[in-house]
K.L.:
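Please find one structure pasted underneath; my questions will follow.
Owing to the predicted nature of the structure, the values given are computational and were not obtained by experimental measurement.
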Amino acid sequence: MVSEVMELLKEHLPVTQEPFVLSGDVNTGLVLVDVVNGFCTVGAGNLAPKQHDKQISQMVEESTRLARVFCEKKWPIFAFLDSHHPDVPEDPYPPHCIAGTDESKLVPALQWLENEANVTLRCKDCIDGLLGSLEKDGSNVFIDWVKKNQIKVILVLGICTDICVLDFVCSTLSTRNRGFLSPLEDVIVYSGGCATFDLPVSLAKTLGDAIAHPQELMHHIGLYMARGRGAKVVSEVSIKPI
């Protein structure tokens, strides 16, 4: 049934995708959204996968692969880390990624980023990373990062495709359109480098007020919405040979 729905969805809501080649010709920044234990590591918390998840594992692998490329070339990386105070809930979600716990830390495959000079880490306590980059003095860490590095293109990977990734992408595009993110031109979402969680209808019905969230369907919808807001969605990311 799900496969039939997916085929119908792809037919009526197609997401145009092309390969993307990274080169040093255009200032490009890598943005990693919430690749933390609380969302990616089996058994790590209320919103972590309960068992091995192929889509999430692929997202982590691609995030790690591209992070290594960017670090080797000293290109800028901005990594969001979902991090919440235990007394400030984020309805409708249960407590997750509590600040100071392993849940809010990068997954083991990416923890080395903490020691890289070209990496900016930003703990955020809300779904939208751009909003979560606001400082008390009115400045914005993400906007400052774009301007400081004169970034024209950002390549976005992370979790969840239809929640934190989508909200960040939409806010970034709106901010760019208003002229507050110069010189940023393009926001690129890598489909194979994004993932979301899986909560089938059958399981949601047993959890009371839980809303069903079929993984493959919602991943596609997240990409479709990002494309509709003006992002470019790419099917693969390769490196231009020197």
K.L.:
Give me the atom names and distance for the closest heavy-atom approach of Ser104 to Ile98.
P.N.:
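For Ser104 and Ile98, the tightest heavy-atom pair comes out as OG-O, 3.5 Å.
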K.L.:
Taking side chain as C-beta onward, heavy atoms only, is Ile77 less than 4.5 Å from Leu113?
P.N.:
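Contact flag for Ile77/Leu113 side chains = yes.
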K.L.:
Once you round to the nearest 0.5 Å, how far does CG of Asp167 lie from CD1 of Ile163?
P.N.:
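One finds 8.5 Å between CG of Asp167 and CD1 of Ile163.
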K.L.:
Rounded to the nearest 0.5 Å, what separates atom CG in Asn140 from atom CG in Leu134?
P.N.:
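Going from the CG atom of Asn140 to the CG atom of Leu134 covers 5.0 Å.
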K.L.:
Do Phe142 and Phe78 have ring centroids that are under 6.0 Å from one another?
P.N.:
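When the ring centroids of Phe78 and Phe142 are compared, they turn out to be within the sub-6.0 Å range.
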K.L.:
Just checking, any donor-acceptor pair under 3.5 angstrom between side chains of Gln215 and Asp53?
P.N.:
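Gln215 vs Asp53: donor-acceptor pair found between side chains.
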K.L.:
Does any part of the side chain of Met218, heavy atoms only, come nearer than 4.5 Å to the side chain of Asp198, both counted from C-beta?
P.N.:
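No; the side chains remain at least 4.5 Å from each other.
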K.L.:
Check whether Tyr190 and Val21 end up in the same hydrophobic cluster, where Ile, Leu, Val, Met, Phe, Trp and Tyr are linked by side-chain heavy atoms less than 4.5 Å apart.
P.N.:
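Different hydrophobic clusters.
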K.L.:
Check side chain to side chain contact (heavy atoms under 4.5 Å, CB included) between Ser139 and all other residues, then give those that pass, not counting sequence neighbours.
P.N.:
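Counting only residues at least two positions away or on another chain, Ser139 forms a side chain to side chain contact (heavy atoms under 4.5 Å, CB included) with Glu135, Asp137, Asp144.
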K.L.:
What distance do Arg68 atom CZ and Ser63 atom OG have between them, rounded to the nearest 0.5 Å?
P.N.:
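The CZ atom of Arg68 sits 12.5 Å away from the OG atom of Ser63.
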K.L.:
Out of curiosity, Lys54 NZ to Met59 CE, how far, rounded to the nearest 0.5 Å?
P.N.:
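One gets 15.0 Å once the value is rounded to the nearest 0.5 Å.
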K.L.:
Applying the 4.5 Å side-chain criterion to the ILVMFWY set and letting contacts propagate, would Val26 and Leu66 be lumped into a single cluster?
P.N.:
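Shared cluster, yes.
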K.L.:
Rounded to the nearest 0.5 Å, what's the gap from CG on Leu184 to NZ on Lys152? Could you check?
P.N.:
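Taking CG in Leu184 and NZ in Lys152, the distance rounds to 11.0 Å.
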K.L.:
Which pairs, with at least one residue in residues 99-119 and sequence neighbours excluded, count as a salt bridge (charged side-chain N to carboxylate O under 4.0 Å, His left out)?
P.N.:
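Those involving residues 99-119 are Asp102-Lys105.
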K.L.:
Tell me, which pairs form a side chain to side chain donor-acceptor pair (under 3.5 Å) where one or both residues lie in residues 222-237, sequence neighbours left out?
P.N.:
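Every side chain to side chain donor-acceptor pair (under 3.5 Å) pair that includes a residue of residues 222-237, provided the two are not neighbours, is Asp186-Lys232.
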K.L.:
Would you check if Phe39 and Cys160 make a side-chain contact, meaning some heavy-atom pair closer than 4.5 Å?
P.N.:
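No, too far: nothing below the 4.5 Å cut-off.
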K.L.:
Which atoms form the tightest heavy-atom contact between Val107 and Asn37, and what is the distance?
P.N.:
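Taking Val107 first and Asn37 second, the nearest heavy atoms are CA-OD1, 3.5 Å.
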K.L.:
Gln150 side chain to Pro183 main-chain N or O, any donor-acceptor pair under 3.5 Å?
P.N.:
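Flag not set: sc Gln150 to bb Pro183 has no pair under 3.5 Å.
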K.L.:
Within 45° of the ring axis of Trp145 and under 6.0 Å from its six-membered ring centre, is that where the NZ or CZ of Arg122 lies?
P.N.:
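Output no; distance or angle outside limits.
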K.L.:
Return the minimal non-hydrogen interatomic distance between Asn118 and Phe70, and the atom names on each side.
P.N.:
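For Asn118 versus Phe70, the nearest heavy atoms are ND2-O, 3.5 Å.
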K.L.:
Do Val156 and Phe168 come within less than 4.5 Å of each other through their side chains, counting heavy atoms only?
P.N.:
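Answer yes - side chains close enough.
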K.L.:
Can you find a pair of side-chain heavy atoms, one from Thr175 and one from Arg178, that are under 4.5 Å apart?
P.N.:
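Side chain of Thr175 against side chain of Arg178, heavy atoms only: no contact under 4.5 Å found.
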K.L.:
What do the steps show when you test Thr16 against Val233 for side-chain contact (heavy atoms from CB on, under 4.5 Å), and what is the final call?
P.N.:
CA-CA 7 Å; Thr16 303; Val233 179; over 6 Å; no
K.L.:
For residues 123-130, which side-chain donor-acceptor pairs fall under 3.5 Å, sequence neighbours excluded?
P.N.:
unit_1	atom_1	unit_2	atom_2	d
Lys124	NZ	Asp34	OD2	2.9
Lys124	NZ	Asp82	OD1	3.1
Lys124	NZ	Cys126	O	2.8
Lys124	NZ	Ile127	O	3.4
Asp128	OD1	Leu130	N	2.9
Asp128	OD1	Leu131	N	3.3
Asp128	OD2	Ser171	OG	2.3

K.L.:
Quick check against the 3.5 Å criterion: does Thr161 have a side-chain atom that pairs as donor or acceptor with the backbone of Gly222?
P.N.:
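Judged by distance alone, no pair lies under 3.5 Å.
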K.L.:
What pair of heavy atoms forms the shortest contact from Cys71 to Trp112, and how long is it?
P.N.:
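Smallest heavy-atom distance, with atoms named: SG-CZ3, 3.6 Å.
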K.L.:
Contact between Lys10 and Met6 at the side-chain level, heavy atoms closer than 4.5 Å - yes or no?
P.N.:
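With C-beta onward as the side chain, the pair touches.
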K.L.:
Any non-hydrogen side-chain atom of Val189 less than 4.5 Å from a side-chain atom of Leu155?
P.N.:
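Side-chain contact under 4.5 Å: no.
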K.L.:
Going through the distances and angles, do Ile188 and Ile154 end up as a side-chain contact (heavy atoms from CB on, under 4.5 Å)?
P.N.:
CA-CA 6 Å; Ile188 297 176; Ile154 59 169; over 6 Å; no
K.L.:
Could you grab the distance from atom CD1 of Ile221 to atom CD of Glu216, nearest 0.5 Å is fine?
P.N.:
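Nearest 0.5 Å value for the CD1-CD distance: 11.0 Å.
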K.L.:
Apply side-chain contact (heavy atoms from CB on, under 4.5 Å) to residues Thr28 and Leu22 and explain how you reach the verdict.
P.N.:
CA-CA 8 Å; Thr28 302; Leu22 274 169; 3.9 Å; yes
K.L.:
Compare all side-chain heavy atoms of Val119 with those of Leu121 and state whether any distance is below 4.5 angstrom.
P.N.:
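When only atoms from C-beta onward are counted, Leu121 and Val119 do touch, with a gap below 4.5 Å.
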K.L.:
Let me see the working for Ile56 and Ile159 under side-chain contact (heavy atoms from CB on, under 4.5 Å), right down to the final yes or no.
P.N.:
CA-CA 8 Å; Ile56 293 175; Ile159 189 169; 4.0 Å; yes
K.L.:
Using every non-hydrogen atom in the two residues, find where Leu157 and Cys194 come nearest and quote the distance to one decimal.
P.N.:
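For Leu157 and Cys194, the tightest heavy-atom pair comes out as CA-SG, 4.0 Å.
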K.L.:
Between the side chain of Ser182 and the main-chain N/O of Gly179, is any donor-acceptor distance below 3.5 Å?
P.N.:
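Absent.
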K.L.:
Is there a path of hydrophobic side-chain contacts, each under 4.5 Å between heavy atoms, that joins Phe20 and Val69?
P.N.:
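Same cluster: Phe20 reaches Val69 through Ile, Leu, Val, Met, Phe, Trp or Tyr contacts under 4.5 Å.
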K.L.:
If you group Ile, Leu, Val, Met, Phe, Trp and Tyr by side-chain heavy-atom gaps below 4.5 Å, do Leu223 and Val5 land in one group?
P.N.:
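Hydrophobic grouping puts Leu223 with Val5.
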K.L.:
For a side chain to side chain donor-acceptor pair (under 3.5 Å) check, start with the C-alpha distance between His213 and Asp162, then their side-chain angles and the critical distance, and finish with the verdict.
P.N.:
CA-CA 10 Å; His213 191 277; Asp162 55 313; 2.7 Å; yes
K.L.:
Could you tell me which non-hydrogen atom of Leu106 sits nearest to which non-hydrogen atom of Gln111, and how far apart they are?
P.N.:
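Looking at all heavy atoms of both residues, the closest pair is O-NE2, 3.1 Å.
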K.L.:
Who pairs with Ser191 by side chain to side chain donor-acceptor pair (under 3.5 Å), at least two apart in sequence or on another chain?
P.N.:
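Scan of Ser191 (side chain to side chain donor-acceptor pair (under 3.5 Å), adjacent residues dropped) gives Gln17.
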K.L.:
Only counting residues at least two apart or in another chain, list the ones meeting side chain to side chain donor-acceptor pair (under 3.5 Å) with Ser57.
P.N.:
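By the side chain to side chain donor-acceptor pair (under 3.5 Å) rule, Ser57 matches His52.
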K.L.:
Should Val35 and Tyr93 be regarded as members of a common hydrophobic cluster, given that ILVMFWY residues are connected when their side-chain heavy atoms come within less than 4.5 Å of each other, either directly or indirectly?
P.N.:
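Result: yes, single cluster for both.
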K.L.:
If only atom types and distance count, is the side chain of His96 paired as donor or acceptor with the main-chain N or O of Pro94 below 3.5 Å?
P.N.:
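A pair under 3.5 Å: yes.
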